[in-house]
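Below, each value reflects all heavy atoms present in this structure, side chains not excepted, and no hydrogens, waters or symmetry copies. We count residues from 1, following the sequence as given. Both counts, for ligands and for their atoms, begin at 1 and track the order of listing.
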Amino acid sequence: MHDAKVSAKGLRIYEPELETSPRRVTLVAELRAALNNGEIAVHVQPKAGLADGTVTGAEALVRWEHPELGRVSPDEFIPVAERSGLIGPLTTRVLDLSLAAVAGWRSAGHDLGIAVNLSTRSLHDADLVDEVARLLRRHDVPADRLTLEVTEGSVMADPARAVALLHQLRDLGVRLSVDDFGTGYSSLSYLKRLPVQEVKIDRSFVTGLTEDGEDVAIVRTIVDLGRHLGLQVVAEGVEERSTWELLASMGCDLAQGWYLGRPMPIGELVPWLRTRERAEGRGGLRVV
Ligand code: C2E
Ligand code: MG
Ligand code: MG
Ligand code: MG
C-alpha cells in the first residue's frame, strides 16, 4: 500500500517506504511482542512552579528498550502504533504505569500529578473514557491528578469528535492540556472552544529563548493569552537558568526541561525529590 503524508507546509509527500520498509514491518511485530514482555516502560520528567521551584508533578514519557534495536524513540514508534492498531493497548499501558506511579508517590507522602500524552487515534477511541475511569479507580487516584496532553494537530484531525471526547474526559474530572502549543496552523480562538486547563509552549520557542527576540515575543504572547483565558501556562524544553529566569519574569506558571531534571525511571523520582529537599535545606537549591 502506498502512503501519502501531509507535510507541515500542507504538501502531500509520497512516502512509498513508510508502509513497507523492513524496519517498519519489524517494529510492528516487535511492538506487539514488547507490549507483552515488559520492554515498554514509562520515564517521568518533573515539572515545577517557575516562581518558587516547587515540583508539582511530572510528564510520563513512554520508553521502549528493544534488546537488539536499542532504545527506539517514541517519535518513531508512536506513529507505528497508530497505524497498526496498537495505540489503544499502548496508551492503556502508559496510563496504567503512570497512575501506579502516582499512587506510589502518594503513599511515600508526595502528592504529585502526572501528565500523559494522547495521540490522534486515542482521541477517536470511544473506549478511552471508560479505560481512564477504570484505571483511576483501580489505582485510587483522584481524577484531577491526571492531565491528558493533546496536540492541536490531533484535535484538528476530526475536531467535532475530539472535542466531544475531551468533554467526556473533562466530566471525569481529568485535567486537559494542549501540548506543543504554537506549532499548529489554526486560529488562536480554537483554544476558547476546547475544555482545557493548560497550554504547554512548544520547546522550539523556549530552548533558545534568551537569544531570540522573536521567540521572546511569541512566548510572551502565549503567556498573556493563557492568563487572559484563565489557563495554566507551562514552558517545555527549559535547558538553562537564564531561560528559567526570563520565563519567571514573564509570569509563566510552570517549567519542564533539562535544567530542572531529565526524564528518569519512575523509581528515581522520590530519591531525586529528597536530594533537592536536602540541597534546599543547605541553601544550595540548584533551580531558582
Ligand atoms: P512531548 O510530549 O512534547 O514531550 C517532550 C519531549 O521533549 C520529550 O521527548 C522529552 O524527553 C523532551 N525534552 C524534555 N525536556 C527537554 C529539554 O530541556 N531539551 C530538549 N531538547 N528536549 C527535552 P521524548 O521523550 O523523546 O518524546 C517525544 C514525543 O513523543 C513527545 O513529545 C510526545 O509527543 C510523544 N510521546 C512520548 N510518550 C508518549 C506516550 O506515552 N504516548 C503518546 N501518544 N505519545 C508519547
Ligand atoms: Mg507532552
Ligand atoms: Mg510537548
Ligand atoms: Mg513534542
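- A continuous path of Ile, Leu, Val, Met, Phe, Trp and Tyr side chains, each step under 4.5 Å between heavy atoms, connects Leu118 with Val44, placing both in one hydrophobic cluster.
- No salt bridge links Glu59 with Lys47; every basic N to acidic carboxylate O contact stays at or beyond 4.0 Å.
- The CG atom of Asp179 lies 12.0 Å from the CD1 atom of Ile201; values are rounded to the nearest 0.5 Å.
- Note on Glu236: its N/O/S atom closest to the Mg ion (ligand 3) is OE1.
- Short contacts between ligand 1 and Asp75, defined as distances under 4.0 Å to a heavy atom of the residue, involve ligand atoms 28 (C), 29 (C), 30 (O).
- The pair Arg227-Asp224 meets the salt-bridge criterion, with a side-chain N (NZ, NE, NH1 or NH2) lying under 4.0 Å from an Asp/Glu carboxylate O.
- Atoms of ligand 1 found under 4.0 Å from any heavy atom of Pro263 (numbered from 1 in listed order, with element): 11 (O).
- Minimum-distance N/O/S atom of Asp180 relative to the Mg ion (ligand 3): OD1.
- Contact atoms of ligand 1 toward Gln45: 14 (C), 15 (N) (distance under 4.0 Å to a heavy atom of the residue).
- The CG atom of Leu209 sits 4.5 Å away from the CG atom of Leu246 when rounded to the nearest 0.5 Å.
- The atom name of the N/O/S atom in Glu149 closest to the Mg ion (ligand 2) is OE1.
- Every residue meeting the side-chain contact (heavy atoms from CB on, under 4.5 Å) condition with Glu76, not counting sequence neighbours, appears here in chain and number order: Arg23, Leu27, Val72.
- Remark: Arg274 does not engage Glu277 in a salt bridge, criterion side-chain N to carboxylate O under 4.0 Å.
- Of the heavy atoms in Leu61, both backbone and side-chain atoms come closer than 4.0 Å to ligand 1.
- Using a cut-off of 4.0 Å between Lys/Arg side-chain N and Asp/Glu carboxylate O, Lys200 and Asp180 are scored as not salt-bridged.
- Contact annotation: the side chain of Glu39 approaches that of Pro67 to within less than 4.5 Å [non-hydrogen atoms, C-beta and beyond].
- Ligand 1 has a nitrogen or oxygen under 3.5 angstrom from a nitrogen or oxygen of Val62.
- Checking only distances, Gln256 never comes within under 3.5 Å of ligand 1, N or O to N or O.
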Please table the atom pairs, donor to acceptor, closer than 3.5 Å between any side-chain atom in residues 29-36 and protein atoms at least two apart or in another chain.
{"from": "Glu30", "atom 1": "OE1", "to": "His66", "atom 2": "NE2", "distance (Å)": "2.4"}
{"from": "Asn36", "atom 1": "ND2", "to": "Arg32", "atom 2": "O", "distance (Å)": "3.3"}

>> Could you walk me through whether Arg106 and Asp140 satisfy the salt bridge (Lys or Arg N to Asp or Glu O under 4.0 Å) test, starting with their C-alpha distance in whole Å, then the side-chain angles of each, then the deciding distance to 0.1 Å, before giving a yes or no?
In response: CA-CA 10 Å; Arg106 290 171 76 76; Asp140 196 22; over 6 Å; no
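- For the pair Glu280 and Arg276, the salt-bridge criterion is not met [side-chain N within less than 4.0 Å of a carboxylate O].
- Coordination check, Ser177 versus the Mg ion (ligand 2): failed, since every N/O/S atom of the residue sits at 2.8 Å or beyond.
- Within the 4.0 Å heavy-atom shell around ligand 1 one does not find His43.
- For ligand 1, the atoms sitting less than 4.0 Å from at least one non-hydrogen atom of Glu236 are 3 (O), numbered in the order shown with element in parentheses.
- Counting only non-hydrogen atoms, the option in Trp258, Tyr259, Phe77 that gets closest to atom 16 (C) of ligand 1 is Trp258.
- Within the 4.0 Å heavy-atom cutoff, Val94 counts among the residues contacting ligand 1.
- Per residue Asp179, closest N, O or S atom to the Mg ion (ligand 2): atom name OD2.
- Taking 4.0 Å as the cut-off between side-chain N and carboxylate O, Arg121 and Glu82 do not count as a salt-bridged pair.
- With a 4.0 Å heavy-atom cut-off, ligand 1 is reached by the side chain of Asp179 but not by its N, CA, C or O.
- Residue-level proximity to ligand 1 for Asp180 is carried by the side chain, the only part with a heavy atom below 4.0 angstrom.
- Ligand 1 places these atoms under 4.0 Å from at least one heavy atom of Gly257: 15 (N), 18 (O).
- Counting only non-hydrogen atoms, the option in Arg262, Glu76, Arg71, Arg203 that gets closest to atom 6 (C) of ligand 1 is Arg203.
- Counting heavy atoms from C-beta on, the side chains of Trp272 and Thr275 never come closer than 4.5 Å.
- Considering backbone and side-chain atoms alike, Thr207 places every N or O at 3.5 Å or more from each N or O of ligand 1.
- Taking a 4.0 Å cut-off on heavy atoms, Glu59 registers as neighbouring ligand 1.
- Counting heavy atoms closer than 4.0 Å to ligand 1, residue Ser119 contributes atoms from both its backbone and its side chain.
- When you scan the N, O or S atoms of Glu59 for the one nearest the Mg ion (ligand 2), you land on OE2.
- Considering Thr91, Asn117, Leu118 only, the shortest heavy-atom separation from atom 45 (N) of ligand 1 involves Asn117.
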